[in-house]
Every structure is written in C-alpha cells, then in structure tokens.
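Please read the structure below before turning to the comments.
Each chain gets a letter, A, B and so on, in the order its sequence line appears, and its residues count up from 1. Keep in mind that the numbers below use all heavy atoms, side chains included, and drop hydrogens, waters and symmetry copies.
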Amino acid sequence: MKLKTALLGALACASFSTTAFAERGSDGNVSIIYWQAPSILNPFLSGGTKDVEASSLIIEPLARYNQDGEMVPFLAAEIPTVENGGVSADLTSITWKISPGLKWSDGSDFTANDVKFTADYCMHPEGGCAQLTKFNGVTNIDVVDDLTLTVTFDKPTPFPYGPFVGGESPIIQKAQFENCMGAKAPECTEANFGPIGTGPFVVTDFRPNDVIQMVANENYRDPAKPAFASLTFKGGGDATAAGRAVMETGEYDYAWNLQLAPEIIAQMEQAGKGTPVAGFGPLVERIMLNQTDPSSSLDAETRSTAKAKHPYLTDPAVYKALSLAIDRPLLVEIGYGKAGRVTCNWVPAPAAFNSDKLSCDKQDIAAANAMLDAAGYIDTNGDGVRETPSGVPMSMVYQTSTNAVRQDFQALVKQWWSEIGVEVELRNISSSVFFGGDPGSPDTFQKFYADVQMYANTFNGTDPQTYLGNLLCDKAPRPETQWQGENISRWCDPEYDALHAQLSQTAGIEQRAEIGRKLNDMAIEGGAMIPLVHRGRLSAHANSLGGVILNVWDSELWNVADWHRVK
Amino acid sequence: MTNSTEIELTKPPRSQWKDVWDQFKTHKGALLGGVVFLAIIITVFLGPYVWTIDASTIDIRARNQGSSLAHPFGTDQLGRDTLARMIAGGQTSISVGLAAMVLALFLGSMIGVMAGFFKKLDGPLMRLTDLFLALPLLPLLLVMMLLFREPLNAAFGPETGIFILIVTAIGVTSWMPTARIVRGDVLALKEREFILAARSIGTKNSKIISRHILPNVLSPILVSATLGIANAIITESALSFLGLGFPPDFPTWGRLLYDATDYLQQFPERVFWPGIAISLTVLSVNYLGDGLRDALDPRVRGR
Amino acid sequence: MLHFTIRRLTLAVPTLLFISLIIFLLLELAPGDPMAQVPLTVPPEVKEKMREALGLGQPMHIRFWKWIVQFFWIEPQVMIDWIFHTNFSEGKLRVISWQTRSPVMDIVIQRLPQTLWVVGVAYVVGILIAIPIGIYSAYRQYSVFDQVGTFVSMIGYSVPPFFSGVFVIVIFSVNLGWFPSIYDTTHVVNDWDSFVVQLNQMIMPVMVLALQITAQISRFMRASMLDNLNQDFVRTARAKGLGERVVVMVHVLRNSMIPVVTVIALGIPSIFGGAIITEQVFKVNGIGQLLIGAIQANDLPMVQTLTFMFAVLIVLFNLIADVLYGILDPRIRYD
C-alpha cells in the first residue's frame, strides 16, 4: 500500500514536473477524522451527512455552493440563469452546459448521459433514493448533446437548482451503476463502496463504518491538483477524541463537527497543533412549543393532535414570557462559544432571509412575571407554580435528545422558568429513538408527547422555501399520517399558508427574501417555537494543513483539491 | 471453682451468630470496610440536612470553580455545587447499586442452586440463562422502557417508577454469571460425602440446600456481590447517557464521572470525587464480603 | 460424557432457533427506526420510500423467514464458495446490512482481526496475570501482596473504561506522546518494525481491558482457592507428605477451577463480541463498535446476525464449561 502510494506520487511528480509550483501528489498523505463513520459512499442510498461528505471527495455535482452560499460551477461550464438564457423565461426548464474535456477517474469521458442517468437512478420508484426531494417536480430530462442537457419541471420553478447542485446531488457514472437501478441498488456493493467519480480522489479501500483509503485521481481536471498523493478518512469515536487527535496529538489533519463545550475547544487549541474554524449555516437550536394537549389522560387519537388545544401554550402572553425568561447570550457562551450566536429567528441565514424585526438578547425575568400576572396566570395555591385562569397548573414536560450541551441547556432553562412560576419536568431520549419515526414509540419528536421539546434543524442549499413550508397546517403529524410530518409544533395559521403559496410563485431573490422574512416573523410571533441559538459548524484543521475553507452550504470537504501542506 | 463451673453450665450455649460476630470483629479489614461503608451511607442520606445547598441550583457566576469554603468540592460547568451533587448522586447510585445487586444476586443464586441441585431443572434453567446472556442489552432496555415506563410512572410517580425500572433492568440483565458460577459449584458439592450423608439420614431437600449447599457457595456469591455493585453503578451511568435512565437533572456518581471525563485536563479534581466515591464504596463492600466469608466459614473461625 | 455432549449439541439447535426468534421479536418491538440518522431535511415521504426499499413494508413473519433462509442456507453456501471456489451462492441474496447495503458477514470478517488482536490479547493477558495473583493471594491470605492485589483489582474494576481509557490517552498520548490515541485498523504486520507499531497502538486498549478482566478473574480465583485450602483433603494430602507445591498447584487448584472456568467460559464469547466502550474510546472499530453502531442506526439485519452469532458462541462455550466440570471433578455426572 505504502509503496503503491509512493509510486503513484512519484509518477504524478514525473508526469507534471513542468507545472510551475504545485504538483499533484507532492504533499504526501492527508488524514481526516469524522467521529461518525461513513457506512456507504453512495449518497443516494443514505442521506447521512457523514456519507454525503465522504463521497464528496470522489463524486461531484454540476455546481456547488461556496462558503458564502453562492453557486459556483464545478462540472458545469457556467451557472444557468434567466439572464444568460440557461433558465427559460417561464421558469419551467433549465439548461446545463458541461465544461468540455472532463474525464471519469477510469479515463472514460464524462457526458450529459451520465447526468441524465443520475436523475433516472434517483427517481426510480423502487430505489428509495434519499435525495429524491432534489428532483421534486422534474418531469423530463433531455440530453441535447454530449455536453448539454435540459431539465424540465412540471410548473414554473423560481429556484430550479435542486437537481445536480450541492453535495447531496452529485453525478454518478452510468456505466458503473447501470445495473443497479431500483430494487437492485443494494446488490452493487462494489459500486456503492467505490464509486467512479470526477473528484480529486479515488477509493482504494473502503471499510464500512471504519476507514477509507484513497489516492489522488490521475484524471482530475486540474493537472496540478490535488496536492496530496493519498488520503486517509477515519471514522468513529467521539467528538472529543477527534478534536484531540487534530489539535493535541497531531495524529490527524482535519476533524469534522466538534460539538464540544467552548472551554474544551479552547484548551485543545492551546496545545498549538491545530486551529478550530467555524462557519454559520441556517442551523437553529430551538424549543418547539406544542400547540396541542399532550396530557397522558387523553386517548391515543386525541393526545397531541389538533383535536385538543394546549391549555396555555397558545397564549401569546405565555410564550412571550417563556422566551423573555431565557438568557440567550449565556446559552451561547456555555454551549457553543465561537460556534454559536444569539438568534430570535427561525431562518437566520442566508443573510437576506434573516429578519431583524425581533430582538431577544436581553433576559428580563421581572417583565416575564409581570406579563404572566397581567394575563391572569397566578399562583393561587402558593406552591410556587402558577395556574391558568381555569385552574390548570403550569407544569410542563421538556424533552430533548441525549447530548451533553442539550442537558446543560435543559437545566438552565428549567431554572429560569421556575423563576417565573413555571414548573418543568426534564426528559432526555436516545437520539436513535427521538429522531426515528417509529409510530409505535411514544418518544419520537414527531409524536411530541411533551409540552416543549428542543432540537436543531436546518435546510440544504440557500433557498428556504421547503423549510418554511414545514409549518403549513396540513403537515402536522397525526394518527392519520402515521405520525409523519414536519409541522412538529402543530402550529396552524391560514394566513401563513396563503403567504407561503405566494412565495412558491415568486421569482427574484429580493421579493423572495422579503416574503421569507415575513413568514419567519409570523411563525415566531405566533408562538410556533422559541429560537435559542444560531449554531455554527465548528471543525478543526492541523496548522500544517493549508487551503481549508469551511463551507456550511455544501460538503465541508468541497475544496479538498486545494488543500495542501504548509511548509 | 465449683461455683464458676456452675455458671459455665447454666450459661446458655453460645449461639452460632454470636460466634460469627466474634470472628467478624477480629477481621480488621472487614471492620474498616464496614465503618467506611456506613460513613458513606450516613453522609449521602443525612448529608442534605447538614449541607443544605440544593444539587440542581444553578449559580452561573460561580461556574468552574475550584475548592473554596462556599464550595468545598468546587462547582461544575453550570455553577452547581459539586458536594451537593455528590451527596444527591450518592443516594441514587448507592440505592440503585445495592438494590440491583441484591436482585441480581437473589435471582442468580436461586436459579444457580435450583439448576445445580435438581437435575430436571438444569436443562431448562441453563437454556434460559443462555437466552438472557444472548439478548442484546440495549434493545432489551428500550423495550422495557417502552412497555413499563408509563404504567410504573402512573403507579409510583415518576421518580420511584424510574427507580424500580432501572433496578429491575440492571437486575434482570446481570444475574446470569452468578447463576452459572453457583450452579457449577453446586454440581460439584452435591456429590460430596457430607451431602450424601445428609441425604442418607432423610434430610429434606430444602434443608440440604439451606444448611449445606448455600453456606458452601457463599464465597463466589460474595465476590459476585462486590463486582455486582460496581457493575450496577456503572451500568446506571451508561443508561443515563443513553437517555434511558433518570431525568437529566438527576445527578448520579456514574454520570458525574462521565460528564467530568471531558474536562479531565482542565479540571482533574472533577473526576476525582465521583471516582473516589465509587471505588471506596466497592472496596468497602469487598472487605465487608471478605470478613463475612471468613466469619461464616467454621474452619477459619477456629483459627 | 460423549453421550452428554452429543445430546446437548442436538438440543442446541432448537435452543438457538428459539433464541433467534426471541431476538428478532425483541428487535421488532424495540422503538427506533433505521431512518433516525437521516437528517431532518429529508422529508417523511422520502423516508417512507427508503423504508420500503429496505423491505420494511413486508410482514414480520416473512422477514424472519427470509433472515433464517439467508443466514442458514445462503451464507454457508457463500462460505463454501469462498473456500472451494465453487459458485453455489451466485445470484442469491445474502444478509444485507441496512446501513451499508452490503453483506453483513463481509463486514464481520473485516472486523475480526482488530477485535481478536485487542480483545483477544487482553483476555489472554488478563487470564495469565489473574490466575497466579489469585492463587498466591489466597495462599498468603492477608499478606501485603494480597492486600495490594485486592486494592488494585477492586479499584481497577470500579473505574469504568470510559474514564480509564480517556485517562491513559491523556497521559500517554497527549502528554507523553508515546502511543497513538487512534488505532489504525489498516495497519499490516509483516516484519519486526510493523509489529512494534502494532504493539504501540494496542498497548493502551489492551491495558484498559486487561485490568477489568484481571480484577474479575483474580477475585473468583482467590475466593475459590480459599474455600478449598482448608478442606480435609488438603490436610490429608499434606499428611501424606506431599510437597507444598504439589498440594497447592494440583490438589487445591484443580478443585478451585470450577468457578474460574465458568467465568472464563462466559468471557470468551465476549472476545468475539468485542468491547463496546473500549473500542469506541480507542477507535479500534471492531465487532463491539459494529454492534453498537448498528443498534444506534437500527440496522436490524446486522444486529440480529451479530447477536445470533454471539448466542451460538455462548451456548457453545457454556457447553464446553460443562464438559470441563466433569473433567475437573469426575464426581460430577450429567447422565
């Protein structure tokens, strides 16, 4: 193995010795550690972030988002827009032009047929493709010539960049996956574990849930890249160990997603071997407020459904007081440090969509108490817990997934809410149950058998239309939908639904952003949730590793071709 | 002279338990273990009356502090008093540890003796043991939580409910080694001469088990007990960080140790306290067990 | 004894089938969903389609039957093919993991080397240290050696590996820089130098695991030796004029081995089962890590297969222990 790498490196050096300064494979080996290990290198069969990011070293989309959330062409020659004629004037089709001369890592030509095949592969009805939403509304894909293809949508689509853009929608080779369509997908282990790609690296050994070894792609489009001759991608362990391996012992060059207390990160940084980097996408840690009654005395058909309204959480005085009692800057300081910001919004990024109407960075227990007093929520029996005007004690169940930072947040919020006379019972649930959709389990976040629950959510790419659609009335999980649905708080406002329908027909980034901000404000002021922290992504790289640009809009490893050793 | 012999004669015969106690008293390790164990129990159960700071009160300005008069053991990352959390955590850990250990020991010894002594029961009981050994722990616990959490909460309230559930969960998943060890010993014992002798004079099975078998398998049971208490305390912490245990604001020694492990380099004293507490408890139970074993062994007693 | 062994082996088949059914039902009943690790950005309709593609739409008994066929009929064929280069299994669907969409057995075989290296070596080291300690501690009860042994082993047992593992990493990897903190599963041993590298990377996980194993076995060994040291047959042996070494190492030891054999037999299946926490801490990524990952991802075929293989080993080694009882103490009869 080592010898082979060295030979490849030498070969690469010899064949490109004419290039001025950087040479392919001149910097040896680079090692990356993800504390969640990739299980498969086919992102269409697994939606997991770890798998998508690992595969992004090998297979690439037509265009990616850069660190600012702007689209940049990768395999495409340019980004199609209405202005350059790439997107039709009625917004129903988009024409991609592929940059000429591209080769797959096996030396064959990259053509529009591969791109079309990728769409067919994912849209196969029996395939169970995880990225199917990327192809929402696609009716037809025409290969115009070897380097041009047109995607047609069923209706005017103001944002036609779903298919083939971003790390979740890379192009796979037709020749390799032709016999792996639909139900046959799992039989193609070899292809799923070592896809042929156009990216800077090629898999030599894939061990599921453990380690991947790669070497530089000889047919990569830029003859000077990648600077590394080989790459080791280790998975497993926990975030602390990953951070330690990069910043303290220097065994690894890059560690992904270090969700650790700020003190720990700071202490690791002191060791002087690595640097943490943070970037902010639209990820928000929030407390969802159940609009319906989760009381265990109700029967299964009524509990946590729209048939029973929550006794007090739908009252603006209550949810505003709950929000006012929270010290968000402190939460950021304790839980996330550099990787967190105070936010009052559900959609804090991209910047155009971030509403500035609300402010929430000041805790005010007295004002919160006054607000509850004025609305008639008074502690009548002297037990320290307020009762609603109709006599229901304000005692809530607060659940979240198991995670050290979340448990600290729970403890803090419990204390603050007890200061305004609201009693809280805490519960934490293993994330494999909490985020699973098992309709038989009472502990899933969709079932929401609690008054409030905390978790984080985000969206892919830069357009929040689908994400904003999560709060539409008919998306509420309920027995009829087997408890599936994205409207977790069961919040419902017909005006919101109407405005969202308007968004889906609006083109033009300015107007879309304006409607988006309005929708965000409606949801927050209407009490669907209490946003807590705008969470960033914190990763770390060794000080000897150059070229790292943290990108939260696409795969973190998007520019691995530019990574190099600092001398 | 005669007088004294008379007194000797009228004195009731020394009871067996008094002999045991006399022997136990001379065992220094056992006495020390007993004293330490009692001290730990007294501290964690009566401690809250002396050290009145509440274990869940957050004083965010005082976070990450070292030892001081106000907080002798320092404070954690949210400014909660570590001493108060150690005391509160000890109550849960010791109760869970003891209760689960007793349950596992009871189940294990019973099944082991039954299987070893009665040939007819050996097959079924040992296959049951194999089954329990093979069951994956986590899914089993998840199923138990799913089935029994709500009914137990309704019957006993959330805290007692979860306590019963955790003790049962740990108990029913850790009796198997004890059962296999006890059975192995019983298999050998029941062929010994003294058992045959007891049987030949018509001693009932129940009497043979309680008078002859049980005292002779005591030492592996006592070793299981010491290892079991450590196991139960640690398993409880594993359950809580998997989200299957007590509510998250409920400190236990295992969880304090787990949470502190991340801060090992910054605040090494934070792992020290729960680590010491668990080790001390296990050690003291171990020495108690040693003393008890020696005291109950008539051959050693004479020495 | 041979009769007994054959009868037990035949009985093991229905037992194991029953165990596999119970495991299957347990996993079915457990809450959890293979889609739990798919990000929230993937909508429920798509997740439903993915579940169907995994075969979750089929009724329970069909899925159980499929697993039985795949595991007991197709997998052995694959093994035969692999050994004799035949092609019985061609085109037949093997037990496929939901996480990786690849045959479970391939991954298990890939994981075995590191599991055996680390957990296996730890077990051997543990036993080799524990038995002499146990014997000597009992022989010289309450001597300084015994006291120190007791103290160290009890502390060792009561410190959980999630702490002791991190502790040795901080000392030996971060501060001293002697050993790597991350185990390299791709490392190949082919000469002395690479063997030294392998030793370097195993030493910490082996240390942590062996401490627990030593503690456990030495306690049972000591207790059992103590029980036998004062028995009449020991006195008889001494009276016969046998040397002290023979008395202790032959007469007492042989009679004290029953509990120890039980504990070791219970422990050997766990060598293959791996050590979940220690493997996680040192990133050994053996079978233990595979199992816990599969449980967290609700990868039912993987969990079912792994637990079942574990069950086979448990039944087998408990049988071996029973046979050994008979050899150690000929008075034990099963027939």
Next on the checklist: Less than 4.5 Å to any heavy atom of chain B: does that hold for the side chain of Asp329(C), its backbone, both, or neither?
Outcome noted: side chain
Checklist outcome for this item: Cut-off 4.5 Å, heavy atoms of chain B, and the answer for Val166(C) is both
Checklist outcome for this item: Of Leu135(B), Leu257(B), Thr281(B), Thr226(B), the largest count of non-hydrogen pairs under 4.5 angstrom with chain C goes to Leu257(B)
Item to check | Region of Val312(C) in contact with chain B, defined by heavy-atom distances below 4.5 Å | outcome: neither
Checklist outcome for this item: Per-residue tally against chain C (heavy atom, under 4.5 Å) across Ala230(B), Ala188(B), Pro268(B) peaks at Ala188(B)
Item to check | Pairwise distance CG(Leu16(C)) to CG(Leu21(C)) - rounded to 0.5 angstrom | outcome: 12.5 Å
Next on the checklist: Once you measure the plane-to-plane angle for Tyr263(B) and Phe267(B), does it fall in the parallel (<30°), tilted (30-60°) or perpendicular (>60°) bin?
Outcome noted: tilted
Next on the checklist: I need the residue from Leu280(B), Leu142(B), Val182(B), Leu218(B) with the largest number of non-hydrogen atom pairs under 4.5 Å to chain C.
Outcome noted: Leu142(B)
Checklist entry - What part of Leu26(C) gets closer than 4.5 Å to chain B, counting heavy atoms only: side chain, backbone, both or neither? => result both
Item to check | Side chain, backbone, both or neither of Asp185(B) within contact of chain C (heavy atoms, under 4.5 Å) | outcome: both
Checklist outcome for this item: Whatever's closer than 4.5 Å to a heavy atom in chain B on Phe308(C) counts as neither
Next on the checklist: Can you tell me which portion of Ile292(C) sits under 4.5 Å from chain B's heavy atoms? Options are side chain, backbone, both or neither.
Outcome noted: side chain
Item to check | Per-residue contact mode, Ser224(B) against chain C (heavy atom under 4.5 angstrom) | outcome: both
Next on the checklist: Can you confirm whether Phe194(B) is buried at CZ, in the sense that more than 12 heavy atoms of other residues, nucleotides or ligands lie under 6.0 Å from that atom?
Outcome noted: yes
Next on the checklist: Between Leu266(C) and chain B, with a heavy-atom cut-off of 4.5 Å, which part of the residue counts as in contact: side chain, backbone, both or neither?
Outcome noted: side chain
